[in-house]
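See below for the structure under consideration.
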2 protein chains.
Amino acid sequence: MPRTTEGAVGARPTIRDIARVAGVSKASVSYALNDLPGVSEETRARIRATATELGWRPSAAARSLSRARAGAVGLAVARDVHLLEEEPYYMRFIAGMESVLAREGLSLLLSVVPDVDAAVEVLRDWWGERRVDGVVLTDLRVEDPRVALVTELGIPCALRAGIDDRMPDGAQLALSVETERQSFVEVVDHLVAQGHRRLARVAGPREFLHTRRRDIAWAEVTRSALGRAAPVVVADYTSAGGLAATRELLAGARPPTAVVYDNDVMAAAVVAERASLGVRVPEDLAVVAGEDSMLCRLASPAISCLHRDVVADGARSARLLLEVVLGRSSEVSVTEPHRLVVRGTTAPGAPAAPAAGG
Amino acid sequence: MPRTTEGAVGARPTIRDIARVAGVSKASVSYALNDLPGVSEETRARIRATATELGWRPSAAARSLSRARAGAVGLAVARDVHLLEEEPYYMRFIAGMESVLAREGLSLLLSVVPDVDAAVEVLRDWWGERRVDGVVLTDLRVEDPRVALVTELGIPCALRAGIDDRMPDGAQLALSVETERQSFVEVVDHLVAQGHRRLARVAGPREFLHTRRRDIAWAEVTRSALGRAAPVVVADYTSAGGLAATRELLAGARPPTAVVYDNDVMAAAVVAERASLGVRVPEDLAVVAGEDSMLCRLASPAISCLHRDVVADGARSARLLLEVVLGRSSEVSVTEPHRLVVRGTTAPGAPAAPAAGG
DNA sequence: CTGAAAGCGCTTACAG
DNA sequence: CTGAAAGCGCTTACAG
């Protein structure tokens with residue numbers, strides 16, 4: 001093995017070094033290394049060998065400057081840090097994105113900020129400073145200022161939305177189309193088949209676009225199955241909020257025998273506190289969580305839920321974003337619906353919960 | 001308000017535009033906008049006003065190229081995606097990092113890959129392409145190839161390690177010093193005070209440096225408290241692994257009355273499956289989790305654990321990294337130890353678990 | 001097929 | 001205090 005200069009700390013070679021060593025011009029090096037025509041195969045091979053030998057890597061900044069492309073995309077998560085604790089979701093979503101981005105040599109910029117206004121500032125910085133070629137938005141709010149921003153600035157963007165959610169025209173948007181209806185049909189069918197007639201739902205905050213979609217889908221599906229729309233109480237995704245909403249429902253004139261929760265934390269809190277709520281699960285109250293997690297799997301009884309492939313969702317979002325950034329084809333993709341996973345909280349015949357304290 | 005050109009999609013102004021509008025040279029613009037001497041206050045004010053009016057932001061690529069600094073740091077998480085699902089940890093760590101980085105105008109590059117070898121490749125790319133000025137490493141392994149890499153290439157790096165963990169000389173390392181001993185002293189004291197004499201620990205994989213530190217600390221602390229080192233069974237952080245290890249311990253000649261788990265998932269699995277394990281918690285078996293999470297809080301009984309401020313850890317790591325990158329002072333910081341949080345799995349007097357099924 | 005040259009948007013000595 | 005110029009490391013027409 002020839003001795004390389006690679007070991008010298010901080011001494012990173014440039015195409016200039018390669019050109020000198022290989023005895024060609026910088027331009028030829030660039031052509032050779034980018035697989036462009038303009039160099040003979042022999043020269044190309046020599047240049048490639050030299051580049052490898054020197055341990056050359058393209059400078060992202062230089063490339064970005066001359067190509068007018070950042071070589072990176074951004075994900076600005078807008079969520080309070082206390083709710084994040086309850087969100088194993090994102091790392092898997094990011095792992096999915098990564099699997100697509102890595103193939104294209106793109107980096108991922110991540111920002112975690114408490115609210116959408118802070119996220120708007122981050123996006124404005126990223127775009128203004130040309131740090132990203134596009135962004136992925138999650139947890140869309142109703143009238144989301146981030147959507148207004150990416151539209152105004154023309155930032156390529158991937159997001160998940162319902163087919164009926166109105167998105168601004170002219171924006172560089174790639175949509176993953178979500179459908180909550182199909183998921184609710186599965187859930188409601190399952191519960192009705194078990195004899196439930198008094199259903200209810202504990203929703204997440206109304207500021208989220210997906211909450212609004214679920215509101216509409218829930219009303220339609222329950223009306224269709226039961227003759228009238230089943231009630232909804234709004235909560236805030238926290239265990240305290242989920243418990244309060246459940247108490248409210250149970251204290252009503254027609255207490256539900258089955259409740260569907262918009263996330264896993266609220267459902268898990270209710271299952272954990274079933275004694276203080278004065279119900280048996282699932283005998284008195286069936287419970288379904290809107291998201292799957294360890295929380296659902298390790299609860300006693302384990303919690304029936306709507307499960308989705310989060311890694312695949314991340315990969316899809318990244319793929320869609322790249323299509324917009326690179327000006328490719330489609331730009332709309334239909335997300336796979338949540339899949340109902342039946343566990344102990346809706347199946348009386350399922351393994352019984354361990355006896356308390358023994 | 002004067003009409004700006006900001007609205008024109010894609011038309012992002014440069015210092016050249018500012019120079020033209022303000023009637024000065026590009027150099028003056030640069031000096032003015034970077035708060036450097038060389039321009040009169042009057043000119044500086046005019047240039048600033050023009051920059052604001054045009055909606056100018058510095059091009060990260062151009063700045064990076066001329067300053068030879070990326071303006072970003074990287075975090076390469078090396079963990080299997082299935083274990084990630086059980087890791088709400090990282091998003092909070094990142095939020096903590098962000099709070100420090102944002103102040104300095106630095107971006108965060110994130111990569112989530114399955115193992116350390118893949119992480120090494122990511123780091124090599126980031127550094128070779130000058131995408132980052134430094135990196136934060138987490139979940140250090142024994143003989144971690146990432147540490148070898150950052151040493152070899154001279155990459156500024158922040159990581160958490162024990163005071164006895166040998167780190168290579170000459171590296172640009174900023175250390176957060178961890179001590180597991182103090183945490184174990186608290187746990188063991190607590191358990192012994194409740195009459196426990198037969199303790200055991202279910203450890204995480206031995207490949208992790210922190211597992212090795214815990215092994216040493218556990219042996220010392222239990223020997224000191226009980227006269228001999230309490231047993232350890234190695235598991236893999238998963239619920240199945242935690243259950244298997246616990247079965248092994250319970251089937252032994254001297255089954256433990258209290259078990260300390262290296263993470264939350266294994267502890268939660270054991271609490272959930274206590275019936276099938278044939279024990280009451282905490283009467284027959286006290287349980288302590290090595291990390292806090294919703295899983296611990298929502299278990300029945302709620303799980304006693306070692307709790308830490310993950311957001312603060314993230315902020316500390318970012319701060320230390322910046323010191324190395326900017327060539328500032330210290331570079332060593334002592335991490336706050338985990339704090340013991342006593343809940344139902346170690347306190348017989350605590351609120352009883354809800355009765356099974358109601 | 002090959003090379004000299006301009007340009008991307010900044011920074012920074014260096015003369016005036 | 002101010003401006004012309006070179007340079008950071010690439011890409012890309014444009015002549016040879």
Backbone of [Y] reached by a side-chain donor or acceptor of [X] within 3.5 Å:
X	Y	value
A:Ser317	A:Gly314	no
A:Asp133	A:Gly71	yes
A:Thr335	A:Val177	yes
B:Arg12	A:Trp127	yes
A:Arg57	A:Gly55	no

Does a salt bridge link A:Arg141 with A:Glu207, judged by any charged N lying under 4.0 Å from a carboxylate O?
-> yes

Would you call B:Asp35-B:Arg48 a salt bridge at under 4.0 Å N-O?
-> yes

Give me the residues of residues 41-50 of chain B where at least one heavy atom lies under 4.0 Å from an atom of DNA chain C, by number, or none.
-> none

Report the distance from atom [atom1] of [X] to atom [atom2] of [Y], rounding to the nearest 0.5 Å.
X	Y	atom1	atom2	value
A:Leu140	A:Arg146	CG	CZ	5.5 Å
B:Thr50	B:Asp17	OG1	CG	11.0 Å
B:Leu65	A:Ser59	CG	OG	5.5 Å
B:Arg67	B:Asn34	CZ	CG	5.0 Å

Mind calculating the distance between [atom1] ([X]) and [atom2] ([N]) to the nearest angstrom?
X	N	atom1	atom2	answer
B:Arg16	D:dA5	CZ	P	14 Å
B:Arg131	D:dC10	CZ	C1'	13 Å
A:Asp35	D:dC10	CG	C1'	16 Å
B:Arg12	C:dC8	CZ	C1'	12 Å
A:Ile18	C:dT2	CD1	C1'	17 Å
A:Arg130	C:dC10	CZ	P	6 Å
B:Leu65	D:dG9	CG	C1'	5 Å
A:Leu33	D:dG9	CG	P	16 Å

Under 4.0 Å between any heavy atoms, over every strand shown, what does A:Arg57 touch: base, sugar-phosphate, or nothing? Just pick one.
-> sugar-phosphate

Using a cut-off of strictly less than 4.0 Å, decide whether B:Ser59 has a side-chain nitrogen or oxygen near OP1 or OP2 of C:dG9.
-> no

Report yes if a side-chain nitrogen or oxygen of B:Ser40 is closer than 4.0 Å to either non-bridging phosphate oxygen (OP1 or OP2) of D:dT2; otherwise report no.
-> yes

Pairing string, 5' to 3', for DNA chain C - Watson-Crick or wobble contacts under 3.5 Å, brackets [ ] where pairs cross, | to another strand = |||.||||||||.|||

Using a 4.0 Å heavy-atom cut-off, write out nucleotides 11-16 of chain C from 5' to 3' as B (base contacted by protein), S (sugar-phosphate only) or - (no contact).
-> BBB---

